[in-house]
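Taking it in order: structure first as structure tokens, then the write-up.
Note that the structure is a prediction, hence the values are computed from the model and not measured. Heavy atoms only: backbone and side chains are in, while hydrogens, waters and symmetry mates are out.
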Amino acid sequence: MEIGTRPVHYVWQYQLNNGNFMTFTQGSSSFINITDILHNQTGWYRCAAGNAVNSEISEQLWLNITFGPDVPQIDVAPSNIVQRAYTALENETVSLTCRALSNPASQYIWFHNDSEVYSGPQLTITNILRVHTGDYTCVGQNSYLNTRSRKTITLTIYYPPDGSPFCSVEPALNHTSVRLLCSWPGGFPSPSLRWTGDLIPSGQRQVTKEKQTDPMSSNILLPSGGLTPNSSLFTCYGSHPALKQQRECSIHTYTPPAEPVCFANVTDDKQFLILSCFWGGGIPRALLWWKGPGGQGKDGEESSNVLIVRYSTFQFGKPYICYAKHLLLVQTKTCGLTLVPVSKPSLLLRDTSPVEGATVGMQCNVDNGTEPIQYGWQREIQRGNITTFAQGSNSSIITMTNINRSLTGRYRCVGSNFINTESSDWVFYDIIFGPDVPRIDVTPYSITDRGYSALETEPVSLSCQAQSNPASHYIWFYNNSQVFTGPQYTIAKTLRVHTGDYTCLAQNSHLNTRSRKTISLIVYYPPAGSPSCSLDPAQNHSSLRLLCSWSGGFPSPSLRWTGDVIKAGQEQEETEQQMDLQTSATLLLPSEGLIPNNSLFTCIGAHPARKQLAECSTRTYIPPTEPVCFAYVTNTQQYLMLSCSWDGGAPKALVWWEGPGGQSKGGQENSNILVLRYGTAR
């Protein structure tokens, strides 16, 4: 300020929030020092100077104090602080707001577990998850002063366990108490669990209907021995800060509805016998244990419902007792086993020799053995080949219907229980049947469409077989006349008179039944001698007929011609043609010079009763001389006979007469003589 008349008095003022100025110091000095100035001293300042003459006020001066940033303040919304840490519920929206006093204003950076995640004063996390749990740090920065400050908070995300609590009950303290167990794993923090129900403290009956345990506990012990009522209901309630509603589970305690059950098994190698005891259906489970003769037992302890005894030391026929105790009952229950091995069975057959097609029964008798006893049935058709045809039945009787011969053999039954297996002695089952229709075999074997055949003078054996039990008796008949008794009938030298029907009659003397089979036997015999050959003209002397005959024999012989054969209309190149005529013996050949003179033709005959072929031959040739004519007159001279001959050829020649005035005899058989009335001859 400009200097006026001294002395001058100085007054220093700053403006309050209400706009008024307040004096904070005064004196004779026109200069003041403010030490350790604070950021709240920022504002408008002025000074006033006065003397005896007057006083004046200076213009206002803005004092801008640079500072900060201060330690930030973090606000969490929604706000929930547990043990100096912030909490949030999973899936909520959480906002973190950071404020730090500073001039000029701070800039803010957010860190999650030391990793930068956001820049700005407010960090908002929508649908927050459990992975967002951790430390959140806000760093405030004054860029003018190049200074910074930070604040860290811990944020814990609450999330509930899955599903609902799980309730169970089990024996405790060596089966003297009942333990209720409630578990609900997962979630953070751990859920709060509490039991409700009919809880009876040890030694006295509870008056109230509900008893709550410590919220952090999930176990509770109840008295046993009948002090806890049967069919009591207990409910476990679970709560969690992340859930709006409680969750629950319930369990009943009740005694098993049935009585204890005992059963036994034997290991496959017959080394051990296993006794088991079961008393299921109750909650909590019952305590089971075994006691047997000679100290063979397993006193009351966990998993004592099974007793394993070496097979060799087991005392068969003596009782083994299983004791059963339940926490809700005072009395102890029992079940027992007295095990007896199966004795050797005996097999009874109502009929050891039944007839095929009948219904038969077998009975397997077992005198001793612990039930249930299973029965099996075995048979041995061939030595050493044993098959089981029925098993696993509780019945000691088996019935077989419509039996057949294939079931003949040895039989036995098998009785077994879980302790051992025994077999009866073998019993032979002889099934009576037959005789079936016989089968006839002929040796040597030769069959035709008319039956069996045999060659004359050969031996023939007829064998007859008919399935039958007992074995059949056989009788042979020839054309209904009995000729032999026995399975094989032999004819040492077969003759043609042996041709006929042979019947084998089979008889079962036990059943008085019989069956028969008939076959036909044909004896083959050859014709006598050899074939006979001839030739003659045919078809009015236009062809040559070759004739071959071989009469007799059975069956008819087979005949065929061989020789120089010329086909009609052309000359044959080959010198021999064969034609198999079987039962025919005639062959027509063309004539008129197509057949060479002096041709040889041979007929070959074959027959199954002959080992060698038979044959005959004939030749064709022309007469060696010319024809000869001569005449005769009858004694009465009434007729004149003209005769013509041309002899010596094969076949014979055809001759005929032709004369004047139609007096002739045209070419025909026996036309070599012409008879004329004497008076008409010219």
With sequence neighbours excluded, what pairs up with [X] under the side chain to side chain donor-acceptor pair (under 3.5 Å) test?
| X | value |
| --- | --- |
| Ser463 | Gln488 |
| Arg545 | Asp536 |
| Ser617 | Thr602 |
| Asp436 | Arg405 |

Which distance, rounded to the nearest 0.5 Å, do you find between the [atom1] of [X] and the [atom2] of [Y]?
| X | Y | atom1 | atom2 | result |
| --- | --- | --- | --- | --- |
| Leu307 | Leu337 | CG | CG | 10.5 Å |
| Ile522 | His498 | CD1 | NE2 | 15.5 Å |
| Thr338 | Lys318 | OG1 | NZ | 11.5 Å |
| Leu600 | Arg619 | CG | CZ | 4.5 Å |
| Tyr525 | Glu456 | OH | CD | 8.0 Å |
| Glu458 | Thr494 | CD | OG1 | 7.5 Å |

A quick test of your reading: do over 12 heavy atoms of other residues, nucleotides or ligands sit less than 6.0 Å from [atom1] of [X]?
| X | atom1 | value |
| --- | --- | --- |
| Tyr632 | OH | no |
| Gln391 | CD | no |
| Tyr678 | OH | no |
| Asn385 | CG | yes |

Point to revise | Ring center gap for Tyr489 and Phe477 short of 6.0 angstrom | key: no

Check your understanding: Checking side-chain contact (heavy atoms from CB on, under 4.5 Å) for the pair Tyr311/Asn420: CA distance, chi angles, key distance, verdict?
Key -> CA-CA 11 Å; Tyr311 193 92; Asn420 70 322; 3.9 Å; yes

**Study point:** Residue pairs passing the disulfide bond (SG atoms under 2.5 Å apart) test where at least one lies in residues 340-377, sequence neighbours excluded
**Key:** Cys364-Cys413

Check your understanding: Which residue pairs pass the disulfide bond (SG atoms under 2.5 Å apart) test when at least one of the two sits in residues 414-470, sequence neighbours left out?
Key -> Cys464-Cys504

Review point. Does the side chain of Thr490 pick up a donor-acceptor pair with the side chain of Ser461 at under 3.5 Å?
Key: yes

**Study point:** Check: Gln507/Arg514 side-chain N/O donor and acceptor closer than 3.5 Å
**Key:** yes

Practice item. Just do the side chain to side chain donor-acceptor pair (under 3.5 Å) check on Gln363 and Asn365 with the steps written out, would you? Key: CA-CA 6 Å; Gln363 182 171 348; Asn365 291 335; 3.0 Å; yes

Practice item. Start with the C-alpha distance between Ser453 and Thr448, add both sets of side-chain angles, then the distance that settles side chain to side chain donor-acceptor pair (under 3.5 Å), and finish with yes or no. Key: CA-CA 7 Å; Ser453 64; Thr448 68; 5.5 Å; no

Review point. What pair of heavy atoms forms the shortest contact from Gly317 to Val340, and how long is it?
Key: CA-CG2, 4.4 Å

Practice item. Go through the steps to decide whether Met362 and Ile397 satisfy the test side-chain contact (heavy atoms from CB on, under 4.5 Å), and finish with yes or no. Key: CA-CA 6 Å; Met362 301 182 187; Ile397 298 176; over 6 Å; no

Exercise for review: Can you sort out the partners of Glu626 under salt bridge (Lys or Arg N to Asp or Glu O under 4.0 Å), two or more places apart, ordered by chain and number?
Suggested key: none

Practice item. Please list, chain by chain and in numerical order, all residues satisfying salt bridge (Lys or Arg N to Asp or Glu O under 4.0 Å) with Asp501, sequence neighbours excluded. Key: none

Looking at side-chain heavy atoms only, is the closest gap between [X] and [Y] below 4.5 Å?
| X | Y | result |
| --- | --- | --- |
| Phe630 | Ser645 | yes |
| Leu544 | Leu535 | yes |
| Trp279 | Leu288 | yes |
| Leu546 | Thr586 | no |
| Thr485 | Tyr474 | no |
| Ile431 | Asn404 | no |
| Tyr375 | Ser395 | no |
| Asn672 | Trp656 | no |

Output a table of donor-acceptor pairs, distance under 3.5 Å, between side-chain atoms of residues 268-277 and any protein atom two or more places apart or on a different chain; print 'none' if there are none.
{"residue": "Asp269", "atom": "OD1", "partner": "Thr267", "partner atom": "OG1", "Å": "2.7"}
{"residue": "Asp269", "atom": "OD1", "partner": "Gln271", "partner atom": "N", "Å": "3.1"}
{"residue": "Lys270", "atom": "NZ", "partner": "Ile419", "partner atom": "O", "Å": "2.7"}

Practice item. Check the pair Glu422, Lys344 against salt bridge (Lys or Arg N to Asp or Glu O under 4.0 Å), reporting the backbone distance first and the verdict last. Key: CA-CA 5 Å; Glu422 289 288 344; Lys344 183 179 179 65; 5.5 Å; no

Exercise for review: Can you label the angle between the Tyr524 ring and the His607 ring as parallel, tilted or perpendicular, going by 30° and 60°?
Suggested key: perpendicular

Practice item. Take Phe263 and Phe418, measure what ring pair (Phe, Tyr, Trp, His ring centres under 6.0 Å) needs, and give me the verdict at the end. Key: CA-CA 10 Å; Phe263 50 94; Phe418 61 90; 9.6 Å; no

Review point. Is there a donor-acceptor pair under 3.5 Å between the side chain of Asp351 and the backbone N or O of Ser353?
Key: yes

Exercise for review: Give a yes or no on whether the backbone of Val523 and the side-chain of Thr499 come within a donor-acceptor separation of less than 3.5 Å.
Suggested key: yes

Review point. Tyr411 pairs by ring pair (Phe, Tyr, Trp, His ring centres under 6.0 Å) with which of Phe389, Trp377, Phe428?
Key: Phe389

Check your understanding: What's the verdict on side-chain contact (heavy atoms from CB on, under 4.5 Å) for Tyr429 and Val360, showing C-alpha distance, side-chain angles and the deciding distance?
Key -> CA-CA 11 Å; Tyr429 220 176; Val360 298; 2.8 Å; yes

Review point. Which residues satisfy the side-chain contact (heavy atoms from CB on, under 4.5 Å) test with Ser509, sequence neighbours excluded?
Key: His473

Practice item. Please name all residues satisfying side-chain contact (heavy atoms from CB on, under 4.5 Å) with Arg412, sequence neighbours left out, ordered by chain then number. Key: Gln378, Ile386, Ser423, Ser424, Trp426

Review point. Given Tyr502 and Phe484, is the side-chain contact (heavy atoms from CB on, under 4.5 Å) satisfied, shown in steps?
Key: CA-CA 11 Å; Tyr502 289 83; Phe484 187 72; over 6 Å; no

Exercise for review: Using only the SG atoms, establish whether Cys616 and Cys533 come within less than 2.5 Å of one another.
Suggested key: yes

**Study point:** Pair Gln638-Thr634, side chain to side chain donor-acceptor pair (under 3.5 Å): steps then yes or no
**Key:** CA-CA 6 Å; Gln638 290 187 357; Thr634 58; over 6 Å; no

Revision key, fill the gap. Here the salt bridge (charged side-chain N to carboxylate O under 4.0 Å, His left out) pairs for residues 365-380, sequence neighbours left out, are Glu380-Arg383, Glu380-Arg410

